[in-house]
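First up is the structure itself, then whatever we jot down about it.
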Amino acid sequence: MSDLSLENEFSAMSATEAAARLIGCEIVRTIANQQLIGRIVETEAYDQGDPASHSYRGETPRNSVMFGPAGRLYVYFTYGMHYCMNVVVGPSGYGAAVLIRALEPVAGQNIMYLNRNISDPRQLLNGPAKLTQALAINKQFNGHNLAIAPLELKLNPVLANSDINWSRRIGIKEAPEDIRLWRASLKGSSYLSK
DNA sequence: CCGGTGATGCCCT
DNA sequence: GGGCATCACCGGT
């Protein structure tokens, strides 16, 4: 029997609400009995009504996981070499997700450095494709239930609103009306993306 | 520190 | 065939 708390937690939330809720929560990746742990410090909301969202034009083979149950992982491949990971949110049939943009290293850094082939702590997890490389996450995890090892999302206590900064999204060309601030980050963190 | 750019393949039109 | 929810490296400042 799988843990339904993740799905329950996120199925009734909007993408922006979930983007804030995920700040401070932890990703636990188990590889060969070792745990690689990162604390989420930066996220970005992608709603179905957003022209920049993969789900905007409806369901396709690539984005179908976004339209499934909440608490699953949507992984996509981009720029010919990078993977990005999102937490699916909202009810089944509605295409919404939250991109994980940066993590703060918590445990298992030695393996993360090997996976990344770098040595600067600030460069380890501060970008959506950097963190998937560090945690060895690829398309095999597309649709994965985050309540289950070897890749789990741990819900931490809700942070105060004053702990979260909102800003414009990064790397988005479309959505000219994007006055809203859909990028959430942990205030004061030194592990944010650029 | 900053901007420019090449790498590289899949998805959708 | 165009474009991409990116990254690393390079050169100029």
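Because only heavy atoms are used, hydrogens play no part in the values below, and waters and symmetry mates are left out as well, while side chains stay in. Given the structure is predicted, the values throughout are model-derived calculations rather than measurements.
For the pair A:E42 CD and C:dA5 C1', the computed distance is 12 Å after rounding to whole Å. Atoms CG (A:D120) and P (C:dA8) sit 10 Å apart, rounded to a whole Å. Remark: C1' of B:dC12 and CG of A:N63 are 11 Å apart, rounded to the nearest angstrom. In this structure, the CD atom of A:Q133 is 11 Å from the C1' atom of C:dA8, given to the nearest Å. One can place NZ of A:K130 at 15 Å from C1' of C:dA5, the figure rounded to the nearest angstrom. Per the geometry, CG belonging to A:L124 stands 13 Å off P belonging to C:dC7, to the nearest Å. One interatomic measurement links the two molecules: CZ of A:R62 to C1' of C:dG3, which rounds to 10 Å at whole-angstrom precision. Separating the CZ atom of A:R122 from the P atom of B:dC1 is a distance of 11 Å, rounded to the nearest angstrom.
Here A:E104 pairs with A:R39 in a salt bridge; the nearest charged N to carboxylate O distance falls below 4.0 Å.
Residue whose closest nucleotide on DNA chain B sits further toward the 5' end, between A:K139 and A:M81: A:M81.
Closest to the A:H54 side chain, of the nucleotides C:dA8, C:dA5, B:dC12, is C:dA5. The side chain of A:P128 lies closest to C:dC7 when the candidates are C:dC7, C:dA5, B:dC11. For A:H82, the side-chain atoms get nearest to C:dT6 when compared with the rest of C:dA5, C:dA8, C:dT6. Minimum atom distance to the side chain of A:Y46 is reached by C:dA5, of the listed B:dT8, C:dA5, B:dC11. Closest contact between the side chain of A:Y76 and the listed nucleotides C:dC7, C:dA5, B:dC11 involves C:dA5. Distances were taken from every side-chain heavy atom of A:A129 (C-beta onward) to each of B:dC11, C:dC7, C:dA5; the shortest belongs to C:dC7. For A:R57, the side-chain atoms get nearest to B:dT13 when compared with the rest of B:dA7, B:dC11, B:dT13. Residue A:T78 places its side chain closer to C:dT6 than to any other of C:dT6, C:dA8, B:dC11.
Here A:R116 does not reach the OP1 or OP2 of C:dC7: none of its side-chain N or O atoms lies under 4.0 Å away. Note on A:K194: every side-chain N or O is 4.0 Å or more away from OP1 and OP2 of C:dT6.
Considering all non-hydrogen atoms of both residues, A:A70 and A:V89 come closest at CB-CA, 4.0 Å. Listed here is the closest heavy atom pair of A:S185 and A:L192: CB-CD2, 3.9 Å.
Evaluated for a side chain to side chain contact (heavy atoms under 4.5 Å, CB included) with A:N63, the options A:Y74, A:Y76, A:Y46 yield exactly one hit, A:Y74.
For C:dA5, there is no paired base (Watson-Crick or G-U wobble, both distances below 3.5 Å). Checking B:dT8 for Watson-Crick or G-U wobble geometry (two distances, each under 3.5 Å) identifies no partner in any strand.
Contact of A:Y79 with B:dA7 (side chain to base): no donor-acceptor pair of N or O atoms is detected under 3.5 Å.
Ring-base stacking between A:F77 and B:dG9 is not satisfied when judged by a centre separation under 5.5 Å and a plane angle under 30°.
Cluster partners of A:V106, using a side-chain heavy-atom cutoff of under 4.5 Å among ILVMFWY residues and allowing indirect links, are A:V28, A:I37.
Within a 6.0 Å radius of CG in A:D120, other residues, nucleotides and ligands contribute more than 12 heavy atoms.
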